[in-house]
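All of these numbers come straight from a predicted model, not from anything done at the bench.
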Amino acid sequence: MTSVNQIVTDEEISDQLRLALEAFPKLVDDAGEVMEGIKGVTDGIQRVANEAEQNLRFLKGLTEPLGEQGTDIVTSLGSSANRLDSVLKELEVFAKVLNTGEGSLGQFVHNPELYNRLNSAAANIEEISYRLEPILDDVRVISDKLARNPGRLATGALFQKSGLK
């Protein structure tokens, strides 16, 4: 009791004890706020952890089939790369031949006389087909008449009425 009496009767200790007791409710409130803040942080960490776990499950769903078929995929990619390389090499050879003027296509590209001759031949074919059109129409009429009445050929009536000789 003497020790308690000394603490209580000592004015400086008594003032400090009183201040400490007055500050105690604020300390409890602050501790509660800190605990709530910690709870908020832990809740946030838990949400992040849950989302990370969900993302890992999703990635696992994607990577498992790739892992199972990985050898086939790599083999297929390698084969495709080889085919692409082969096509590119052939394209390179084709471009070189075309640029040197060798072969028919190279001549066509590099020889304007050949182009002009082919263009002239195409124009001649177009003119001939235009001139043949009426003749073919007459042949159709004649063949139709012969198909309907084959005896007309023997009598000569086919050519007399059509004006053809």
*asked:* As a test of understanding, state which of Val74, Ile73, Thr75 forms a side-chain contact (heavy atoms from CB on, under 4.5 Å) with Thr71.
replied: Thr75
*Check: Thr100 side chain, Lys96 main-chain N or O, donor-acceptor pair, under 3.5 Å*: yes
*Tyr130-Ile125 co-clustered via ILVMFWY side chain contacts under 4.5 Å*: no
_With a 6.0 Å cut-off (strictly less than), is the heavy-atom count around CD of Glu22, excluding the residue itself, greater than 12?_
yes
*Measure from the side-chain N and O atoms of Asn119 to the backbone N and O of Tyr115, and report whether any donor-acceptor pair falls under 3.5 Å.*
no
_Test item: Ser120 side-chain N/O and Asn116 main-chain N/O as donor-acceptor pair under 3.5 Å_ = no
*Measure the spacing between CD of Glu133 and CG of Asp138 and express it to the nearest 0.5 Å.*
11.5 Å
*Under a 4.0 Å N-O cut-off, is there an ion pair linking Lys26 with Asp29?*
no
With a 3.5 Å cut-off and sequence neighbours excluded, list the donor-acceptor pairs that the side chains of residues 48-57 form with protein atoms.
from, atom 1, to, atom 2, distance (Å)
Asn50, OD1, Gln46, NE2, 3.1
Asn50, ND2, Gln46, O, 3.4
Asn55, ND2, Glu51, O, 3.4

*Listed partners of Asn124 passing side-chain hydrogen bond (donor to acceptor under 3.5 Å, both in side chains), at least two apart*: none
_Could you tell me if the side chain of Arg83 sits less than 4.5 Å from the side chain of Ser80, heavy atoms only?_
yes
*Roughly how far apart are Ser143 OG and Leu136 CG, rounded to 0.5 Å?*
10.5 Å
*State the CD1-CG distance between Ile142 and Asp137, to the nearest 0.5 angstrom.*
11.0 Å
*Is a salt bridge present between Arg140 and Asp144, judged by a nitrogen-to-oxygen distance below 4.0 Å?*
no
With a cut-off of 3.5 Å and sequence neighbours excluded, list every side-chain donor-acceptor pair involving residues 85-94.
from, atom 1, to, atom 2, distance (Å)
Asp85, OD2, Lys89, NZ, 3.4

